[in-house]
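Some notes on the structure that comes next.
Computed from a predicted model, the values in this text were never measured in an experiment.
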Amino acid sequence: MWAINSVHGGEGQFLVDYHDYYMTPRGYHSRAVNSGNAWTITTPLSFMNMPILTYINEISPRPTLFIHGEKAHSRYFSETAYAAAQEPKELMIIPGAVHTDLYDRVDVIPFEKLTEFFTTHLA
């Protein structure tokens, strides 16, 4: 593994969370950008600089469900998008969850809420 996504102590918790996902068997893949193997070849810079909420009206007013971890460093993304979206919309904050918990922690992912939301809005 390449040492670009390594932790040495003192990093922000979100970096530790990403490392614990992308640099362990839990989420590591040799060709994955987030596993530290391709940032010098490709970069998400253009995506990061895109004003995504400019396009919220292209999604909304369709039913929108935002799910985010309570302790996720990126939680404000969902809260900001939720505030900008039109009804019908829902925001679900998962207590105690970090960003990467909602990738694969089946005991944390709110499957019942997903089923209820899609049953209601896609029926």
Side-chain angles (χ1 to χ4, degrees):
M1 287 187 245
W2 203 34
I4 195 155
N5 189 357
S6 60
V7 291
H8 305 285
E11 293 85 4
Q13 185 59 44
F14 73 98
L15 293 174
V16 174
D17 296 339
Y18 284 146
H19 181 271
D20 288 348
Y21 181 79
Y22 289 109
M23 299 306 289
T24 65
R26 182 175 164 211
Y28 180 83
H29 190 279
S30 62
R31 293 189 311 265
V33 171
N34 289 330
S35 290
N37 301 303
W39 283 110
T40 58
I41 298 169
T42 61
T43 177
L45 190 58
S46 61
F47 178 74
M48 291 178 196
N49 288 328
M50 188 173 86
I52 296 173
L53 287 180
T54 300
Y55 306 103
I56 191 77
N57 289 327
E58 293 182 21
I59 299 170
S60 199
R62 290 165 194 85
T64 308
L65 174 62
F66 300 90
I67 300 174
H68 227 89
E70 173 190 27
K71 295 182 178 181
H73 76 285
S74 55
R75 177 176 165 178
Y76 75 94
F77 291 148
S78 286
E79 292 172 335
T80 301
Y82 175 79
Q86 298 175 43
E87 295 287 347
K89 62 184 180 179
E90 292 185 48
L91 173 63
M92 182 176 200
I93 302 297
I94 307 301
V98 300
H99 186 93
T100 54
D101 286 340
L102 296 171
Y103 291 1
D104 65 339
R105 302 275 191 219
V106 296
D107 60 322
V108 175
I109 298 169
F111 292 108
E112 289 180 15
K113 180 61 181 175
L114 291 163
T115 300
E116 178 248 311
F117 184 85
F118 289 118
T119 300
T120 299
H121 295 288
L122 295 179

- [ ] Output the distance between atom NZ (K71) and atom CG (D101), rounded to the nearest 0.5 Å.
- [x] 9.5 Å
Open item on the list: Counting C-beta onward and ignoring hydrogens, is there a side-chain heavy-atom pair between N57 and Q86 closer than 4.5 Å?
Closed with: yes
TODO: To the nearest 0.5 Å, tell me how far Y22 OH sits from L15 CG.
DONE: 12.5 Å
Task: Partners passing side-chain hydrogen bond (donor to acceptor under 3.5 Å, both in side chains) against R26 (at least two apart in sequence or in another chain) - done: D104
Task: Heavy-atom donor-acceptor pair, R62 side chain to I59 backbone, under 3.5 Å - done: yes
Task: Contact check, side chains of Y82 and K89, non-hydrogen atoms, under 4.5 Å - done: yes
TODO: Answer yes or no: are there more than 12 heavy-atom neighbours, outside E112 itself, under 6.0 Å from its atom CD?
DONE: no
Task: Pairing residues for T120 by the side-chain hydrogen bond (donor to acceptor under 3.5 Å, both in side chains) criterion, not counting sequence neighbours - done: none
Task: Pairwise distance CG(L102) to NE2(H68) - rounded to 0.5 angstrom - done: 7.5 Å
- [ ] Determine, using the 4.5 Å side-chain heavy-atom cutoff (strictly less than), whether L65 and F111 are members of one ILVMFWY cluster.
- [x] yes
Open item on the list: According to a hydrophobic-cluster definition based on side-chain heavy atoms being under 4.5 Å apart (Ile, Leu, Val, Met, Phe, Trp, Tyr only), do F117 and I109 belong together?
Closed with: yes
Open item on the list: Count I, L, V, M, F, W, Y as connected when their side-chain heavy atoms are under 4.5 Å apart, and connections chain through other members. Are F66 and F118 then in the same cluster?
Closed with: no
Task: Gap separating the OG1 atom of T64 from the CG atom of L91, nearest 0.5 angstrom - done: 11.5 Å
TODO: Please report the shortest heavy-atom distance between T100 and D17, naming the atom on each side.
DONE: OG1-O, 3.7 Å
TODO: Would you mind reporting whether V7 and D20 have side-chain heavy atoms less than 4.5 Å apart?
DONE: no
Open item on the list: Can you tell me which residue among I94, V98, I93 is in a side-chain contact (heavy atoms from CB on, under 4.5 Å) with E70?
Closed with: I93
- [ ] Compute the centroid of each ring, for Y18 and then for H73, and state whether the two points are separated by less than 6.0 Å.
- [x] yes
Open item on the list: With heavy-atom distances below 4.5 Å as the criterion, would you say the side chains of L114 and I67 are in contact?
Closed with: yes
Task: For P88 against P61, the heavy-atom pair lying closest together - done: CD-O, 3.1 Å
TODO: Taking all non-hydrogen atoms of both residues into account, name the closest pair between A97 and V108 and its distance.
DONE: CB-CG1, 3.9 Å
Open item on the list: Is any side-chain heavy atom of E90 closer than 4.5 Å to one of K113?
Closed with: yes
Task: Gap between atom CE of M92 and atom OG of S78 - 0.5 Å precision - done: 12.5 Å
